[in-house]
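Accompanying notes for the structure given below.
Position 1 is the first residue of the sequence, and the numbers go up from there.
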Amino acid sequence: MALGDLMASRLVHSSSSPSPSPSTAAPPAPLPNHHHNHVTDDLPVANGPEPRNGLEPAEVEKPASVAYPPQVVVLCEQRHEGIDEAAAAAAGPSTSGLVSKWRPKDRMKTGCVALVLCLNISVDPPDVIKISPCARMECWIDPFSMAPPKALENIGKTLHSQYERWQPKARYKLQLDPTVEEVKKLCNTCRKYARSERVLFHYNGHGVPKPTTNGEIWVFNKSYTQYIPLPITDLDSWLKTPSIYVFDCSAAGIIVKAFLEKDCILLAACEAHQTLPQSAEFPADVFTACLTTPIKMALHWFCKRSLLRGSMDRSLIDQIPGRQNDRKTLLGELNWIFTAITDTIAWNVLPHGLFQKLFRQDLLVASLFRNFLLAERIMRSANCSPISYPLLPPTHQHHMWDAWDMAAEICLSKLPQLIADPNAEFQPSPFFTEQLTAFEVWLDHGSQDKKPPEQLPIVLQVLLSQSHRFRALVLLGRFLDMGPWAVDLALSVGIFPYVLKLLQTSAMELRQILVFIWTKILSLDKSCQVDLVKDGGHTYFIRFLDSLDAYPEQRAMAAFVLAVIVDGHRTGQEACIHAGLIDVCLRHLQPENPHDAQTEPLLLQWLCLCLGKLWEDFAEAQSLGLQSNAPEILIYLLSEPQPEVRASAVFALGNLLDMGSTSSNGVDDDSDDDEKVKAEINVVRSLLQVSSDGSPLVRCEVAIALTRFALGHNKHLKSVAAEYWKPQTNSLLKSPPSLANISSPSNVYSPNNIRQGSSGLASHIGPVLRVGIDSSATGRDGRVSTSSPIATSSIMHGSPQSDDSSQHSDSGILLRENASNGGLSYTRSRPADSVIYSQYISTMCSVAKDPYPRIATIGRRALSLIGVEQVVMKNSRFNSGGAHQGETSAPPSNFGMARSSSWFDMNSGNFSIAFRTPPVSPPQHDYLTGLRRVCSMEFKPHPMNSPEGLADRLISAAAPSNAELSILPQSTIYNWSCGHFSRPLLSGSDDNEEAHARREEREQIALDCIAKCQRSSACKMTSQIASWDTRFDSGTKAALLLPFSPIVIAADENEQIRVWNYDDALPVNSFQNHKLSDRGLSKLLLINELDESLLLAASSDGNVRIWKNFTQKGGQKLVTAFSSVQGHRAAGRSIVIDWQQQSGCLYASGDMSSILVWDLDKEQLLSTIQSSGDSAISALSASQVRSGHLAAGFVDGSVRIFDVRSPDRLIYMARPHAPRTEKVVGIGFQPGFDPYKIVSASQAGDIQFLDVRRAAEPYLTIEAHRGSLTALAVHRHAPVVASGSAKQMIKVFSLEGEQLTIIRYQPSFMGQRIGSVNCLSFHPYKSLLAAGAGDNALVSIYAEENYK
């Protein structure tokens, strides 16, 4: 199976917004008596977004007679888990922590080998009594088969050649039967050659006495008449460290004890009380034979114990064909299997650190220790226990030796035939295939909690073989996908050099799995970037990224790998630039054909992130990006449907902004900088446009990018900020500019516009209060020149920056005092820049009040960088509590000033402002150690046009300092996005099954309840089943009943949200919607009610916050927050809002001429519907039957129905409440599945029932409350509506107009009257009604008499 197919079949679709599954219900049947000849029947659906429930538009149009639950689920992506810096950092590739320990601390090499043989052939030492026949062979040579000197020389040469096979590049020094002086000279020479590398000292003491208890070994005197002791301490002092000792002699354990204090590695043939085996079955140097010729030794030993021992000629073992380093020969394959098995035993038995030290640090040491495991197995069978230092746990009975015995038996059985016919075809052993199968079985059943797969080192060995390589890599990929713990295990086994080497192959079939494996490695450990660049591995991934035959998800992985390679790594950035990465990324960000299907979002996201990381803090790369037209390509992506793509595009654009080089010396470098500044200004202009994106993920990146701009253009911004507050000359006092009338979209000012009106500038440019006109910016005739930094119409021209200051009555703005002593150093006039700087300041003031706390913090930080500070002031100090009284009082503007005809006339209010020039002091870099008030602000009369100029000392031309850079907020999108690749990609999670089961259960409950509701003829809500004193100071503003648990949620005007269980009468949770001082609640809504429900709390200023886990005490978590009327300053404090689950749309309007449609799946403004009326919208209701339909009630008593999908949008209009003109308080689609009937209630007290198909006249009118109707609730399924009045009364009516119930008081609550009815809310599926009162904070729940 090609890996592409494997990945395609197993990769969970990683698009940021999974498409909802189509509804499984049958198409709804049309209602009886449905008149097809009426003009309003055939409502157009063209040109709109496709209906999301999987039905064709025509089918959607037919009213339903059966319920089918909406399938759309929103705001449940990974991004909604939170985007704080800590979480993002944890998700990104690490350079510490789990990353660890897999990389050998210090790779070593054994550079010199000293071989010392004390054999004294033909003379036995005095303390050894030998048996007969006795073990004689030394290095497989019988010393008595030739003259002793010849034998000694041959044995020495053979030992040298045996070691050389394991370490061919070392220097070898040999001493045969030496004296103390010769040993000393040998050791000193070896250390001199080896320098800091390791020295191996091999000692064969078969011709001398056992070591002494004092820790001495024996050598000879010159005439061989005496044995001379050599203290181990002397030996150690000559060889120094690092060194490794092999002692092949009886009682070798004594020496190990003497060495315990030293930092070295020892291998000894036996314990202190043991003698070497003397059986003729073994060679005399069995320990050395195991260490240096393991295959031969193992087969000789096994042959005597196998079933073949009778028929096998043992001399054939010495004739095994092939070479040890050729795996396609019998000898080579045996050696390969032996290496794999001993490595596996060691990895499974040894502690992690010890395995790394002994088996991965030094090739020769690793070989000797692998062979030492064999020595332990063989010599223990002769009652002799080899020992090592560091000490190893026993391994001689490990079950993997059975696999070795089987491989050995297969080999021995083939041997006679292979020797008889040298041309016979070599059949590979099944060992590796079987081990891969065992590994695959583990993958099917294993997990992090179970024992790790013991075959992992074997998988590593298999990578050396071309025949098994592909299968091994696919299985390895599956293993790495299990999580970071698996990646760490694989790296600790030593996988890294193998997969690094494989990047040099050109095998096409390996490309996809190699990219996958490297994705997994780099998602854990960023430090591998250095090795990749050093080996030229980055070009492999650039080629793969540029290949169109790979799946987009896999190319996204290649982009991720490249992003990690360049992340904070200048060498990597340079290498990738030279390899053409910028062009490759930009090319794939643009569709070949605009009509093509949209590119995989994950690929777009990572192409942007890769570019962002490539440009980050690298001026040369930024310049190349600007030259390659990158901004234009990236700006196009700012409207992509996936928030992750938009945020990544913002990240890339932000990294094109150079933070520190713009005129850092205070002198403009015109020739080089002009083009660059123009490009940067263009980037910032586009970023300002998306500062009101619906996703906090995107807005957070915008705020961070704009903060970078504040650093790079610091002095220009400071000068513009200072201009706003600069004292005016008398000649201009009488005609301050007003932005209200500037309609020209160009950046040129006409004096006529400037001289017109002067009303409330603050309300137009939001929080940036004062636009000053310096005399230098004024021509001789008093006209304002184009270089004046006055914000032009583009601030308000339908752009999101014109946030309404009247919504934000609590934050004043101050200028910082970290000013240099000089005056303005920026004198060239750049009108375009000035405009963008003005827009920038205005936008950042909006950002500083973002409903998402982290973003607001970044906004305040950016403002403080340019010397603007927000000082929070309490409303009560400036007005007498009139801020929340609705539309009657004029809301205070930013400084708490009442609006007056002249924006200079501050003293006419009930307070005044004084700006005092701070004392001259050197620049201070105490940015944001806490938001302080830095200009003293005294509330006492003080002439504003005093000659003390505040701005003169405000501008510092210094480049960003370290202090400034250190407070630059860190982008989170890159690290956060990296988390995607550290999670399993090849298998779906089990959570989905649980969620699916829970949803099915809820759907069934809902359908049962709906059926019951529809059957119920008269829902008389006469029984009060619960009464809850919410203890709200200002009464209950909104209430909501949860569909599947006995829980009611209530909120007050101060945005305190409380959750209560009405069955147990116990509080569940209580929390503040936000901590800002500007308060006021509009509505509570439930999102995803059939799944993991989310609570939407809409503030009356249009800010929307969505919470999860709101029914856990203290567990509530903000999922997302945004301003639903961003950029529509006229929205006032009368926001109306509704949610439509089928379409995933949120509709918002208010005191403005349009309805904003937000797609909560894309977290994007989908469209703006012009409400085509002169008056404001006072009530809004989305159809729960027909996707895209919504009804709106207006302040003038008119009613309109809109269809988002129809070209004209407006599909019905009526004035059902005429001749009355009181505002519509509530509106709703009638219960059941008829999409054509609506209910509208006006403040005058009448409730009108309309049928859209018949006429503009209502077919039923109920005079419910005389002139005091305050609330309307329409049940979704039961045939009832309820209304509440200011006169402490609730009435419930049937759809025929019959009054079913009237609630005047609460008998169960000590006869207390309910007070003015603020809110009414039906249970979505049951006949329950929650009512909230305005003045006594009670929430009451009513049900039918037989309610259980």
Side-chain angles (χ1 to χ4, degrees), residues 1-14 432-433 435-437 439-440 442-444 446 453 455-484 486-491 493-525 528 531-532 535-562 564-565 600 602-603 606 980-987:
M1 177 183 190
L3 182 81
D5 304 336
L6 171 113
M7 303 287 273
S9 63
R10 304 193 70 120
L11 260 172
V12 177
H13 188 63
S14 46
F432 287 106
T433 310
Q435 293 299 320
L436 285 179
T437 303
F439 184 45
E440 194 164 7
W442 187 93
L443 288 174
D444 291 337
Q455 298 81 14
L456 212 49
I458 296 174
V459 176
L460 185 75
Q461 290 294 324
V462 175
L463 294 180
L464 298 168
S465 151
Q466 236 171 331
S467 54
H468 300 295
R469 187 176 289 155
F470 179 73
R471 183 184 177 204
L473 284 171
V474 169
L475 294 177
L476 179 62
R478 278 182 60 193
F479 177 65
L480 299 182
D481 195 48
M482 295 177 94
V487 181
D488 190 55
L489 270 180
L491 287 171
V493 163
I495 218 92
F496 186 78
Y498 291 74
V499 288
L500 187 62
K501 191 87 175 156
L502 283 175
L503 293 179
Q504 293 166 15
T505 67
S506 53
M508 294 295 284
E509 73 277 6
L510 299 184
R511 292 185 321 156
Q512 295 166 345
I513 187 60
L514 273 176
V515 168
F516 183 80
I517 286 170
W518 273 103
T519 298
K520 285 295 172 183
I521 291 174
L522 288 171
S523 69
L524 174 83
D525 188 354
C528 304
D531 310 77
L532 277 170
D535 281 30
H538 59 287
T539 56
Y540 188 89
F541 298 100
I542 293 175
R543 282 197 305 275
F544 186 84
L545 179 62
D546 202 19
S547 64
L548 291 171
D549 55 343
Y551 287 101
E553 293 100 323
Q554 294 164 346
R555 287 168 54 218
M557 291 176 197
F560 161 74
V561 169
L562 289 161
V564 177
I565 287 174
E600 165 65 37
L602 192 70
L603 176 58
W606 276 101
H980 170 81
F981 293 113
S982 58
R983 289 187 286 275
L985 300 173
L986 298 176
S987 58

Could you measure the distance from the [atom1] atom of [X] to the [atom2] atom of [Y]? Nearest 0.5 Å is fine.
X: Lys501; Y: Leu463; atom1: NZ; atom2: CG; answer: 14.0 Å
X: Phe439; Y: Arg471; atom1: CZ; atom2: CZ; answer: 10.5 Å
X: Ile565; Y: Phe560; atom1: CD1; atom2: CZ; answer: 10.0 Å
X: Trp518; Y: Tyr540; atom1: CH2; atom2: OH; answer: 11.5 Å
X: Ile513; Y: Arg469; atom1: CD1; atom2: CZ; answer: 13.5 Å
X: Gln554; Y: Phe516; atom1: CD; atom2: CZ; answer: 9.5 Å

Note to self: Between Trp606 and Phe981, is the ring-ring contact (aromatic ring centres under 6.0 Å, His included) condition met? List the steps.
What the structure shows: CA-CA 11 Å; Trp606 276 101; Phe981 293 113; 5.6 Å; yes
Closest approach of [X] and [Y], non-hydrogen atoms and distance?
X: Leu603; Y: Pro552; result: CB-O, 3.9 Å
X: Gly494; Y: Pro497; result: O-CD, 3.3 Å
X: Ala558; Y: Val515; result: N-CG1, 3.7 Å
X: Thr539; Y: Gly536; result: OG1-O, 2.8 Å
X: Ser982; Y: Ser523; result: CA-OG, 3.8 Å
X: Arg555; Y: Leu545; result: NE-O, 3.1 Å

Within-4.5 Å side-chain heavy-atom neighbours: [X] and [Y]:
X: Leu602; Y: His980; result: yes
X: Leu524; Y: Leu491; result: yes
X: Leu503; Y: His538; result: no
X: Arg543; Y: Arg511; result: no

Next item on the list: Begin with the C-alpha distance, continue with both residues' side-chain angles, and end with the deciding distance and a verdict on side-chain contact (heavy atoms from CB on, under 4.5 Å) for Phe432 and Gln461.
Entry: CA-CA 9 Å; Phe432 287 106; Gln461 290 294 324; 4.2 Å; yes
Note to self: Checking Gln455 against Leu436 for the side-chain contact (heavy atoms from CB on, under 4.5 Å) test, could you report, in this order, the C-alpha distance in whole Å, the side-chain angles of both residues, the deciding distance, and whether it holds?
What the structure shows: CA-CA 8 Å; Gln455 298 81 14; Leu436 285 179; over 6 Å; no
Next item on the list: Show the numbers, then the answer: is there a side-chain contact (heavy atoms from CB on, under 4.5 Å) between Leu502 and Leu473?
Entry: CA-CA 11 Å; Leu502 283 175; Leu473 284 171; 4.0 Å; yes
Item checked: Working for side-chain contact (heavy atoms from CB on, under 4.5 Å), residues Leu489 and Met482 -> CA-CA 11 Å; Leu489 270 180; Met482 295 177 94; over 6 Å; no
Next item on the list: Would you confirm whether Ser465, through its side chain, and Ser467, through its main-chain N or O, come within 3.5 Å as a donor-acceptor pair?
Entry: yes
